[in-house]
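Written below as structure tokens is the structure these notes are about.
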Amino acid sequence: MNKKIAVLSGDGIGPEVTRQAVKVLEIIADLFGHSFSIEEGLVGAVAIDQTGNPFPEETEKVCRSADAILFGAIGHPKYDDDPKAKIRPEQGLLAMRKKLGLFANIRPVSSYDALLPISPLKEEIIKGVDFVVFRELTGGIYFGQPRGRAEDGNSAFDTCTYTKEEIIRVSRLAFEAARNRRKHVTLVDKANVLATSRLWRETVQDLAKDYPEVTLDYMFVDNAAMKIIQNPAFFDVILTENMFGDIITDEASVISGSLGMLPSASVGTTSSLFEPIHGSYPQATGKNIANPFGAILSAAMLLEYSFGLSEESQTVRKAVDKAVQDGFVTEDIQEDNAKGTEEVGDKVVDLIKQNALVNS
Ligand code: IPM
Ligand code: MN
């Protein structure tokens, strides 16, 4: 298979973790007889420094001409500490999601047996947890108009808007995923307060008629935040709007033992992008300590979702499982005998090669 992958490694630890994911894609291509050509693009604070724009047109072109996009992270403390900055790296990410129409963000959450002891949650609560969050990504309060500051500067406003169409397209993906899983969708909203949430309930309730084999239930977001900690095994597919999804997926990442483990896919009708959910982690930049598993598992999602290469994807996931089991991990997971970002990436590549030898 010949495919073109856009690689946008971005800021902070983005480049170093993305490098590991690219190594993994290269070995997969070698072993399975594919050809992946890589084209890089600037995004985030580095793009602002070099072009004045956090998502330059050139990068947009690279993304549009690629079969899939691998993304690192964006964000830089010099912008976080300056609420008055007019151009911010995050605008690049939001512009990219909007322009490429990446309306559904898919974030799987599972527990790793070997990591159970490091989770702040009790083992019996998180053992066997396996759910996936479908977060709407191009609507809601992140994008609603009007937004801004009142003329006198003393008040500010954001607008949360949703259309039925925006709700339906992401919800369909969630129901379809549920059909191949445990057939249970939980819609997370705040329908006791928000008009947009009531539209979500009404729309999803209607849509659910097309999926009679799937059980649908509803949960207010505050209650869901509690349940994710108390009884995460309850969930199979969580469907939710943009901001609620942002918040509960960071919360849910605790279950896997480290934010550094979680991959994600952002999909639309024409493009798909894959990124670890951890962000740019500026304090760790360049120190070779960042956890590359989230990026590597994002590459595994790319293989499966964009290219339909299930076996290849499975091979990557198995190698990550084995590295975690063997304690070949970075310091966020285990301080004693912690390995570096590069070494963990090399180990995964080795494990993939070994696995191929065994199977050949
Ligand atoms: C995420 C991030 C982004 C978001 C930020 C960086 C704009 O937190 O992808 O979850 O809020 O969507
Ligand atoms: Mn987030």
Side-chain angles (χ1 to χ4, degrees), residues 1-9 13-41 62-63 65-72 106 108 110 112-115 130 132 180 256 260-267 271-278 288 290-330 333 339-360:
M1 180 180 281
N2 283 342
K3 292 284 181 189
K4 206 156 136 187
I5 303 173
V7 173
L8 277 44
S9 46
I13 59 169
E16 46 200 298
V17 295
T18 307
R19 210 154 36 237
Q20 312 316 312
V22 169
K23 287 199 297 214
V24 165
L25 289 170
E26 282 167 350
I27 187 71
I28 288 289
D30 267 10
L31 291 172
F32 289 83
H34 305 302
S35 157
F36 300 149
S37 69
I38 303 255
E39 200 172 344
E40 299 199 23
V62 170
C63 290
S65 70
D67 297 299
I69 306 160
L70 186 66
F71 188 88
I106 306 166
S110 55
Y112 285 80
D113 282 348
L115 301 188
D130 171 22
V132 54
N180 298 321
S256 70
M261 295 300 299
L262 291 200
S264 77
S266 299
V267 307
S271 297
S272 313
L273 174 145
F274 301 83
E275 72 178 298
I277 86 160
H278 54 56
N288 195 35
N291 185 342
F293 288 138
I296 293 172
L297 291 169
S298 297
M301 283 184 94
L302 181 157
L303 291 168
E304 179 151 14
Y305 280 67
S306 279
F307 303 164
L309 298 173
S310 311
E311 195 193 338
E312 288 82 340
S313 176
Q314 182 65 18
T315 306
V316 176
R317 280 197 299 270
K318 262 172 51 193
V320 169
D321 280 348
K322 181 84 171 78
V324 172
Q325 246 172 47
D326 292 354
F328 212 99
V329 293
T330 43
I333 293 181
K339 302 291 187 281
T341 310
E342 282 284 340
E343 290 69 46
V344 172
D346 291 340
K347 178 73 175 182
V348 172
V349 168
D350 277 350
L351 288 166
I352 291 172
K353 281 191 203 154
Q354 277 170 31
N355 185 57
L357 278 178
V358 173
N359 289 332
S360 63

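In this chain, residues are counted from 1 in sequence order.
- Counting heavy atoms from C-beta on, the side chains of Ser272 and Leu302 never come closer than 4.5 Å.
- Nearest heavy atoms, Ala319 versus Leu351: O-CD1, 3.4 Å.
- In terms of modelled atom types and a separation under 3.5 Å, the side chain of Thr341 and the main chain of Val17 share no donor-acceptor contact.
- The main-chain N or O of Ser110 is never found under 3.5 Å from a side-chain atom of Asp130 such that the two would form a donor-acceptor pair.
- For the side chain to side chain donor-acceptor pair (under 3.5 Å) with Asn288, the qualifying choice from Glu16, Glu343, Glu342 is Glu343, the only one to do so.
- Heavy atoms only, all atoms of each residue included: Ser306 and Asp67 are closest at OG-O, 4.0 Å.
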Passes side chain to side chain contact (heavy atoms under 4.5 Å, CB included), Val132 versus Ile106? Steps please. CA-CA 7 Å; Val132 54; Ile106 306 166; 3.5 Å; yes
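- The distance from the NZ atom of Lys4 to the OG atom of Ser35 is 12.0 Å, given to the nearest 0.5 Å.
- Rounding to the nearest 0.5 Å gives a distance of 4.5 Å between CD1 of Ile69 and OG of Ser271.
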Residues Lys23, Ile296; criterion side chain to side chain contact (heavy atoms under 4.5 Å, CB included); working and verdict: CA-CA 9 Å; Lys23 287 199 297 214; Ile296 293 172; over 6 Å; no
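- Applying the side chain to side chain donor-acceptor pair (under 3.5 Å) test to Lys347 and every residue at least two apart in sequence or in another chain returns nothing.
- In this structure, CG on Asp321 lies 10.5 Å from CG on Asp326, to the nearest 0.5 angstrom.
- No donor-acceptor pair closer than 3.5 Å links the side chain of Ser9 to the backbone N or O of Gly14.
- Taking all atoms of both residues into account, the shortest heavy-atom contact from Gly345 to Pro292 is N-CG, 4.4 Å.
- When all heavy atoms of Ala6 and Val62 are compared, the closest pair comes out as CB-CG1, 3.7 Å.
- With contacts defined as side-chain heavy-atom distances shorter than 4.5 Å, the pair Met301/Leu297 does not qualify.
- With contacts defined as side-chain heavy-atom distances shorter than 4.5 Å, the pair Asn291/His278 does not qualify.
- Taking CZ of Phe274 as the reference point, atom CD1 of Ile5 lies at 9.5 Å (rounded to 0.5 Å).
- When all heavy atoms of Phe36 and Ala29 are compared, the pair lying nearest together is CD1-CB, 3.8 Å.
- With a 4.5 Å cut-off on side-chain heavy atoms, Glu312 and Met1 do not count as touching.
- Residues Lys322 and Gln325 bring no donor and acceptor atom of their side chains to less than 3.5 Å of each other.
- Side chains of Leu70 and Leu8 form no contact here, defined as non-hydrogen atoms less than 4.5 Å apart.
- The side chain to side chain donor-acceptor pair (under 3.5 Å) search around Lys339 returns Asn337, not counting sequence neighbours.
- Under the 4.5 Å side-chain criterion, counting only non-hydrogen atoms from C-beta, Val344 is not in contact with Gln20.
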Name the atoms and distances for all side-chain donor-acceptor pairs under 3.5 Å in residues 260-267, with sequence neighbours left out.
| residue | atom | partner | partner atom | Å |
| --- | --- | --- | --- | --- |
| Ser264 | OG | Glu275 | O | 2.8 |
| Ser266 | OG | Asn105 | ND2 | 3.1 |

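- How far OG of Ser37 is from CG of Asn2: 8.0 Å, rounded to the nearest 0.5 Å.
- At least one side-chain heavy atom of Glu311 sits less than 4.5 Å from a side-chain heavy atom of Phe32.
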Go through it in stages, so that I can follow the logic: the residues are Phe293 and Val324, the test is side chain to side chain contact (heavy atoms under 4.5 Å, CB included), and I'd like the CA-CA distance, side-chain angles, deciding distance and then a yes or no. CA-CA 9 Å; Phe293 288 138; Val324 172; 3.7 Å; yes
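- Rounded to the nearest 0.5 angstrom, Thr315 OG1 and Leu303 CG are separated by 9.0 Å.
- Minimum interatomic distance between Gly72 and Thr18 (heavy atoms only, all atoms of both residues): CA-OG1, 3.4 Å.
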